[in-house]
Number of protein chains: 2
Amino acid sequence: MVDFKDKVAIVGIGETEYSRDSGRSELTLALEAIKKAVDDAGLSLKDMDGLFKFTVDSNAEEDIAAGLGIPYLRAFGQVNQFGGAACGMVTHAAWAVATGSCKNAVVFRALNGRSGRRYGAGAFHARAGEGNNAFSEPFGLLVPGQRAAMQARRHMHEYGTTSRQLGAIAVAFRKHACMNPKATMYGKPMTIEDHQNSRMVHDPLHLFDICLETDGACAMVLTSAERAKDLKQKPVYIMATAQALTGSIPPSYTSTTARVLGPDIFARAGITPKDIDFAELYDPFTIAVLERLEDYGFCKKGEGGPFVEAGNIEIGGTLPVNTAGGHLSEAYLHLMSHFNDAVRQLRGTATAQVKDAEIGFLDSGQGVGAVILRR
Amino acid sequence: MVDFKDKVAIVGIGETEYSRDSGRSELTLALEAIKKAVDDAGLSLKDMDGLFKFTVDSNAEEDIAAGLGIPYLRAFGQVNQFGGAACGMVTHAAWAVATGSCKNAVVFRALNGRSGRRYGAGAFHARAGEGNNAFSEPFGLLVPGQRAAMQARRHMHEYGTTSRQLGAIAVAFRKHACMNPKATMYGKPMTIEDHQNSRMVHDPLHLFDICLETDGACAMVLTSAERAKDLKQKPVYIMATAQALTGSIPPSYTSTTARVLGPDIFARAGITPKDIDFAELYDPFTIAVLERLEDYGFCKKGEGGPFVEAGNIEIGGTLPVNTAGGHLSEAYLHLMSHFNDAVRQLRGTATAQVKDAEIGFLDSGQGVGAVILRR
């Protein structure tokens, strides 16, 4: 077994503007974000020889390479699971760099999530009625929000969690977005009463429990820790990564695969949840954040509600979460905008900077993948 | 940089029957092949914690896991590029095992390629007219065979290659298939005159220059070299792997990315083409084999025709190729049936056994991926 802890670093980040109608193809968005990430690293596009992407991203590897003039990709692959793909994609790119299969790997996500394919719409699913979906879709369980509503209701039933507590998550992320000029919700502060008064969409989830839809793209460049030393930016090291997928219905409706993935990744990193300075958690819905705060052990099971209500996840709290505003208030780019802010936090250049941030935790999907970064 | 040479082994192989109308779903085919591969390794399905697949395979990771009772996948991913995916998929599984991200990884390919989606039909392409296809499809260049015909015609023009020389490839693979009871063309010998008299499909390619269409599935199990020692089968070690994708039109119509991938993989393995005892080359068309024999350096550029005509690629020749019959005469399963026979060759249990086979070379796509195995 070959340990790759701290052997790979993120050395460049890039992103387009976030909008509701880009007026551009997902390919041009991807190319812009990747070009910016490569520039940020102080590298040339010709230095790039690895490319990893979301399976659901519409851009083909060869079109990205052709569009940027990347002559030769030595490592490439894809990860499925929609919002769960980001950490897996970074994991695979890190494997490729750590094994010397490529030198400099690009990872990216581009989507016209508002003006093009809308993930929240049931019509999106290519596999409607197939596989596991055959057991739920004929009964009207079609869109992600419906599933999340069931999780929220069950959490309320089992642990006494309240809508105001879920709202505390939305309010915290909005505060961070209001410090981030790039965020969709910049300049639009929100109170807990605003949350409570927002339209009920999937009972008990209000409009402000639900993420944005965004057109845009984000990208990062990974290279070896050795090469990173000589590059433009302060390197951000990958301490550990993990993926998790279970083949069966989860043991309960209030927990996620984070319960099995957490012990794996903390053991690999050689740290505990207490060592984490900030977390970037995939937040399609407020309830998803609550569950994973518990499942990773950032607080005890069932105590997520009081934990967030006490302000722990805000900048200045014990564990700031989604420091750029998250999917709820910055942009919906399948955790890749979170990744970019995690890198800024560890460089010390974030708009809502966590003081002395040394170690950051990222989670994509509902515990489908995780990455721990350090400065 | 972390070298993973010889650190990962293939310890189990499995396959369904090959047919033209399986009457079964691609999911049940996949489950059967994977179950057999795990049994072959002497492992339990519960031991499997990695799963890597073709992007174009219709089976979702979670459905495979649920269907087999695999409780928890710690590593999973996909590789695109159709027939080019197999070696990349094995590469990624090897990374996952080598880095300790999972212990035992499954790789597989299942398709009803005859009774379901037919790859040779232009209608298959989901991205018709998109990306690079926009430059060719409006002009009638729709199916893979048309592209291969242009490559064949150009090779004939530049190097004097003949249809009979391409036929020598088909005849060699048919001989191997006639020694393999599982092969679709078992019991159906073919002469060079049969090839010449077969219907012209894409001039200058005859029917027998073109691969089969098959319903079926193949799978393999990978684990660490350490764990492999204690398992049921003689381990087959992964010496080196490589992937290659170019973003632009190839420099000539008679060569492939094998020209750039070859030096990479031979350097990583620390050997030369002369050290290879047999090769398993993706063979959708005879011309594809000819080009890669040249591009990898198994013979000189332009001398592929005389090389195959002299019998070098037959069992007993200097470099037996596609020892189970290949896509032309065994089955069309995107190199995965080739992989299974490579493992049998290195275990010494092949139906057309290469004497004292120590090192085997595999190539998927047109130089999109390669793997070198040793016993």
Side-chain angles (χ1 to χ4, degrees), chain A residues 1-4 7 27 50-53 55 58-81 88-89 91-92 94-103 127 130-132 224 226 241-249 257 260-261 264 268 368, chain B residues 1-4 7 27 50-53 55 58-81 88-89 91-92 94-103 127 130-132 224 226 241-249 257 260-261 264 268 368:
Chain A
M1 184 180 134
V2 177
D3 190 2
F4 69 101
K7 291 206 168 77
L27 179 58
L51 181 65
F52 290 82
K53 62 172 286 245
T55 299
S58 66
N59 297 297
E61 290 93 342
E62 54 270 39
D63 295 340
I64 294 285
L68 292 171
I70 295 174
Y72 180 30
L73 293 173
R74 285 186 163 79
F76 51 90
Q78 305 187 0
V79 178
N80 205 352
Q81 300 300 318
M89 176 177 70
T91 299
H92 295 199
W95 292 342
V97 170
T99 57
S101 300
C102 71
K103 287 186 174 175
R127 298 180 66 248
E130 288 179 32
N132 285 335
S224 70
E226 291 141 48
T241 73
Q243 293 184 272
L245 198 65
T246 52
S248 47
I249 294 159
T257 49
V260 278
L261 183 150
D264 267 7
R268 288 173 189 175
V368 173
Chain B
M1 184 179 134
V2 178
D3 190 3
F4 69 101
K7 292 205 168 77
L27 179 59
L51 182 65
F52 290 81
K53 61 172 287 245
T55 299
S58 66
N59 297 297
E61 290 95 341
E62 53 269 41
D63 294 340
I64 295 286
L68 291 171
I70 294 173
Y72 179 30
L73 293 173
R74 284 185 163 80
F76 51 90
Q78 304 187 1
V79 178
N80 205 352
Q81 301 299 321
M89 175 177 70
T91 299
H92 295 199
W95 291 342
V97 171
T99 57
S101 301
C102 72
K103 287 188 175 174
R127 298 179 66 247
E130 288 180 32
N132 285 334
S224 71
E226 291 140 50
T241 73
Q243 292 184 274
L245 198 65
T246 52
S248 48
I249 293 159
T257 48
V260 277
L261 184 149
D264 267 7
R268 288 172 188 176
V368 174

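Residue numbering restarts at 1 for every chain, and letters A, B, ... go by the order of the sequence lines. All values derive from a computational prediction rather than experimental measurement.
Between the side chain of Q78(A) and the main chain of V79(B), no donor-acceptor pair closer than 3.5 Å is present. A donor-acceptor pair under 3.5 Å is absent between the side-chain atoms of Y72(A) and the main chain of L245(B), judged by distance alone.
The candidate with the highest count of non-hydrogen atom pairs below 4.5 Å against chain A, out of G88(B), A96(B), C102(B), is A96(B). Of all the listed residues (K53(B), Q81(B), M89(B)), the one sharing the greatest number of non-hydrogen pairs under 4.5 Å with chain A is Q81(B).
When heavy atoms are compared at a cutoff of 4.5 Å, I64(A) does not approach chain B at all. In this structure, chain B has no heavy atom under 4.5 Å from any part of A94(A).
To the nearest 0.5 Å, atoms OG1 (T246(B)) and CD1 (I70(A)) are separated by 12.0 Å. The distance from atom CD of E62(A) to atom CG of N80(B), rounded to the nearest 0.5 Å, is 7.0 Å. Atoms CD and OG1, on E61(B) and T55(A) in that order, are 7.0 Å from each other to the nearest 0.5 Å.
The two residues S101(B) and F4(A) make their nearest non-hydrogen contact at OG-CE2, 4.1 Å.
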### Task
Might you work through the side chain to side chain contact (heavy atoms under 4.5 Å, CB included) test for L73(A) and Q243(B), ending with a clear yes or no?
CA-CA 7 Å; L73(A) 293 173; Q243(B) 292 184 274; over 6 Å; no
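Between W95(B) and F52(A), the ring planes lie tilted relative to each other; the angle falls in the 30° to 60° range.
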